[in-house]
Amino acid sequence: YDGHGGKEVVDSLRHTLPAFLSSALSFGTPTSALESAFSYAGNIIVGTQPGTVGACAAVVIVDNDAITCANVGDVAVVLIQSSGAPIILTTKHCKSNDEERKRVESSGAHWANGGRVNGVLRVSRAFGDGDFKGRKAVKAWKTPFASDPVIAMPSISVRKRSPSDALVLVMTDGVVDGFGSECKAAAYIRRQVRKLGDLDKAAKATLDEARARGSKDDLSLLVCDLRDGLVAEEAPAWKPVVPPPAARPKPEAYDDDFAF
């Protein structure tokens, strides 16, 4: 979760979204469960939380068959495999997304103030933000909209599992902004995993680097290891090379010169 305008929506999501998702998974597929859970949580939150508070979110379900990802807003999920370029699993909901730009404009809202919905929100999909939804939107903006400018309907991707799957990264836009793109951040993270041999240390080093490179936003990063279970049974064990402690180096070039 990545909140904006306050913490109320994030605090609510921590309880409602996992509970709804757990229930929905008991009688549906990952895709249908994610759609239902996002819808239920979105409806409850918009009716109970302040209209100026919201949150972006991403959820990843990994099983032996597929990696299913749902997101609203600009939280990024990236898959790193044993070789090749990082794979972005999420859709960024903002003005640079042509489909989202047209959807917001067709609702009757506009983009202003550096690509923000009605000059306020940088994202066009989020939980909360009731001032852009339903009757609250009409009251807040003194105008009727053809549809809600901001919605909590997630974009969902499904990718078949592979023995080469290594890491899934979930990162807020503050991390992405620090490195310039999702793939550049992912390339840095996996270099740190290889160097340090520890996911927690690699994550912390990445957050420190994003801050050092000038990111001013909140920073959150989750690194999930997929090399156990299915992957461990079908691929050779990965043995990291751990160097001796050293002072933090200058920002590295964005290369892709190793595989797990």
Side-chain angles (χ1 to χ4, degrees), residues 1-5 9-10 13 17 31 34-35 37-39 41-42 45-46 52-61 67-80 85-134 137 141 145-159 168-187 210 215-222 254:
Y1 313 115
D2 187 8
H4 48 263
V9 171
V10 168
L13 279 174
L17 190 55
T31 296
L34 286 165
E35 290 174 343
F38 272 62
S39 177
I45 288 171
V46 79
T52 57
V53 180
C56 302
V59 178
V60 185
I61 299 175
I67 300 173
T68 306
C69 177
N71 81 287
V72 292
D74 54 13
V75 176
V77 178
V78 182
L79 171 65
I80 293 179
I87 301 166
I88 301 172
L89 302 179
T90 43
T91 298
K92 194 169 184 179
H93 301 125
C94 59
K95 186 181 180 181
S96 62
N97 180 325
D98 192 52
E99 183 178 339
E100 283 299 288
R101 178 184 61 79
K102 292 178 180 178
R103 185 190 62 77
V104 170
E105 290 172 354
S106 67
S107 75
H110 64 278
W111 300 92
N113 191 23
R116 296 171 181 265
V117 181
N118 276 12
V120 177
L121 287 180
R122 193 166 70 170
V123 294
S124 54
R125 298 196 189 194
F127 287 103
D129 293 314
D131 282 358
F132 290 88
K133 300 174 180 177
W141 297 99
F145 292 100
S147 58
D148 290 348
V150 177
I151 59 177
M153 179 185 297
S155 291
I156 297 179
S157 67
V158 181
R159 185 175 182 86
V168 165
L169 315 174
V170 185
M171 64 187 90
T172 59
D173 64 313
V175 179
V176 176
D177 291 345
F179 290 91
S181 75
E182 294 90 342
C183 289
K184 289 177 181 178
S215 179
K216 304 297 183 182
D217 204 350
D218 295 334
L219 303 176
S220 293
L221 170 64
L222 179 65
Y254 297 125

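These figures come from a predicted structure and were not determined experimentally.
With rounding to the nearest 0.5 angstrom, the CD1 atom of I67 is 4.5 Å from the CG atom of L79. Within the model, atoms CG of L34 and OG of S39 stand 12.0 Å from one another, a figure rounded to the nearest 0.5 Å. Here the SG-CH2 distance, from C94 to W111, works out to 7.0 Å after rounding to the nearest 0.5 Å. Atom CZ of R101 is separated from atom OG of S106 by 10.5 Å, given to the nearest 0.5 angstrom. The OG atom of S157 sits 10.5 Å away from the CD1 atom of I87 when rounded to the nearest 0.5 Å. Of the inter-residue distances, the one linking H93 atom NE2 with C56 atom SG reads 9.5 Å to the nearest 0.5 angstrom.
The side-chain heavy atoms of I156 and F38, taken from C-beta on, include no pair separated by under 4.5 Å. Side-chain contact between L121 and H4 is present, with heavy atoms from C-beta onward closer than 4.5 Å. Using a 4.5 Å cut-off on side-chain heavy atoms (C-beta onward), V77 and N71 make no contact. Side-chain contact check for S155 versus T90: every heavy-atom pair is 4.5 Å or farther apart.
Contact record, P149 with V104: O-CG2, 3.6 Å, taken as the closest heavy-atom pair. Heavy-atom minimum distance, A210 versus F179: CB-CE1, 3.7 Å. Residues P154 and V72 share a closest heavy-atom pair of CA-CG1, 3.7 Å. Residue V10 comes nearest to A55 through the heavy atom pair CG2-CB, 3.8 Å, listed as atom of the first residue, atom of the second, then distance. G134 and D148 make their closest contact through N-OD1, 2.9 Å (heavy atoms, listed as atom of the first residue, atom of the second, distance). The nearest pair of heavy atoms linking E182 to M171 is O-CE, 4.4 Å.
Within a 6.0 Å radius of CD in E99, no more than 12 heavy atoms belonging to other residues, nucleotides or ligands are found.
No side-chain donor-acceptor contact under 3.5 Å links T68 to the backbone of T31. Without hydrogens or angle criteria, N118 side chain to H110 main chain gives a donor-acceptor distance under 3.5 Å. Looking only at distances, a side-chain donor or acceptor of S215 sits under 3.5 Å from a matching main-chain atom of G174. R125 places no side-chain N or O within donor-acceptor distance of the main-chain N or O of D74, the cut-off being under 3.5 Å. Judged purely by atom type and a 3.5 angstrom limit, K133 uses its side chain to pair as donor or acceptor with the backbone of G128. N113 places a side-chain N or O within 3.5 Å of a backbone atom of G119 that can act as its donor or acceptor partner. Remark: the backbone N or O of F132 is not paired with any side-chain donor or acceptor of D129 at under 3.5 angstrom.
Residues R122 and D177 are paired through a salt bridge, judged by an N-O separation under 4.0 Å between the basic side chain and the carboxylate.
If you run side-chain contact (heavy atoms from CB on, under 4.5 Å) between T172 and each of D217, D2, L221, only D2 comes through.
Scored by the salt bridge (charged side-chain N to carboxylate O under 4.0 Å, His left out) test, K102 finds D98 as partners (sequence neighbours excluded). D131 pairs by the salt bridge (charged side-chain N to carboxylate O under 4.0 Å, His left out) definition with nothing, not counting sequence neighbours.
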